[in-house]
Amino acid sequence: MPSADAQWARIKPFLPDASPRRGGRWRDHRHVIDAIAWRFTTGAPWAHLPARFGSWKDVYTRLRNWAIDGTWHRLFTALVVTGRGSCHRACPATCGFDSA
């Protein structure tokens, strides 16, 4: 269930710089987003993340770090705002990740 190019183009600008602050190279953000989407779509335990996504601990750590540094909040806020378009009244906020 890899993310579509159009979906990736919308979320990529809101993710942190892909170069690591310390240590080795980070796995590509798109690959990590796909792993997180797989995990929440299936509801499987983190330890059951398929090997094609890499270490479940690395994916979980990235998810957690992005929660702590506000990345998810900025991303979802931006998606809700752009999804509402020019709506100036209260609109139901709907945001999803297409698995097709």
Side-chain angles (χ1 to χ4, degrees):
M1 102 175 83
S3 55
D5 290 339
Q7 292 168 324
W8 181 244
R10 286 185 69 197
I11 65 174
K12 185 178 179 182
F14 301 101
L15 298 175
D17 181 19
S19 45
R21 291 189 177 105
R22 307 179 283 168
R25 297 180 62 197
W26 269 7
R27 179 176 296 277
D28 179 47
H29 284 334
R30 186 172 186 169
H31 197 76
V32 172
I33 293 286
D34 289 343
I36 293 168
W38 180 90
R39 195 278 185 202
F40 285 109
T41 299
T42 64
W46 280 107
H48 293 176
L49 193 71
R52 71 179 181 268
F53 293 121
S55 165
W56 71 266
K57 292 178 184 179
D58 292 343
V59 174
Y60 175 78
T61 299
R62 187 95 54 102
L63 170 76
R64 188 171 179 276
N65 287 343
W66 288 350
I68 291 168
D69 72 9
T71 297
W72 290 115
H73 180 74
R74 286 188 306 276
L75 173 63
F76 291 134
T77 300
L79 290 176
V80 168
V81 169
T82 60
R84 291 181 180 180
S86 61
C87 182
H88 297 290
R89 63 187 188 291
C91 297
T94 56
C95 181
F97 196 92
D98 184 12
S99 61

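Just the heavy atoms: all of them, side chains too, but no hydrogens, waters or symmetry mates, feed the values below.
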Novice: Restricting to non-hydrogen atoms, name the atom on His29 and the atom on Arg62 that form the minimum distance, rounded to 0.1 Å.
Specialist: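 Distance-wise, the nearest heavy atoms are ND1-NH1, 2.7 Å.
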
Novice: Please lay out, stage by stage, how Trp8 and Asp34 fare under the test side-chain contact (heavy atoms from CB on, under 4.5 Å).
Specialist: CA-CA 10 Å; Trp8 181 244; Asp34 289 343; over 6 Å; no

Novice: Please report the interatomic distance CD1(Ile36) to OG1(Thr41), rounded to the nearest 0.5 Å.
Specialist: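 OG1 of Thr41 is found 11.5 Å from CD1 of Ile36.
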
Novice: Keeping His31 on the side-chain end and Arg52 on the backbone end, is there a donor-acceptor pair under 3.5 Å?
Specialist: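 Indeed, once roles are kept as given, a pair shorter than 3.5 Å links the two residues.
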
Novice: What closest approach, in Å, do Ala35 and Leu49 show between heavy atoms, and which atom pair accounts for it?
Specialist: O-CD1, 3.7 Å

Novice: Would you give the length of the straight line joining atom CD1 of Ile33 to atom CG of Leu63, rounded to the nearest 0.5 angstrom?
Specialist: 9.0 Å

Novice: Using the side-chain contact (heavy atoms from CB on, under 4.5 Å) rule, take Phe14 and Thr77 through it: C-alpha gap first, then chi angles, then the decisive distance, then the call.
Specialist: CA-CA 10 Å; Phe14 301 101; Thr77 300; over 6 Å; no

Novice: Between Thr61 and Arg64, is any side-chain donor less than 3.5 angstrom from a side-chain acceptor?
Specialist: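 Not at all, the side chains of Thr61 and Arg64 share no donor-acceptor pair under 3.5 Å.
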
Novice: Considering the options Trp56, Trp38, Phe53, Tyr60, which one meets the ring pair (Phe, Tyr, Trp, His ring centres under 6.0 Å) requirement together with Trp46?
Specialist: Tyr60

Novice: Check this for me: does any side-chain nitrogen of one of Arg30 and Asp5 sit under 4.0 Å from a carboxylate oxygen of the other?
Specialist: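 A salt bridge links Arg30 with Asp5.
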
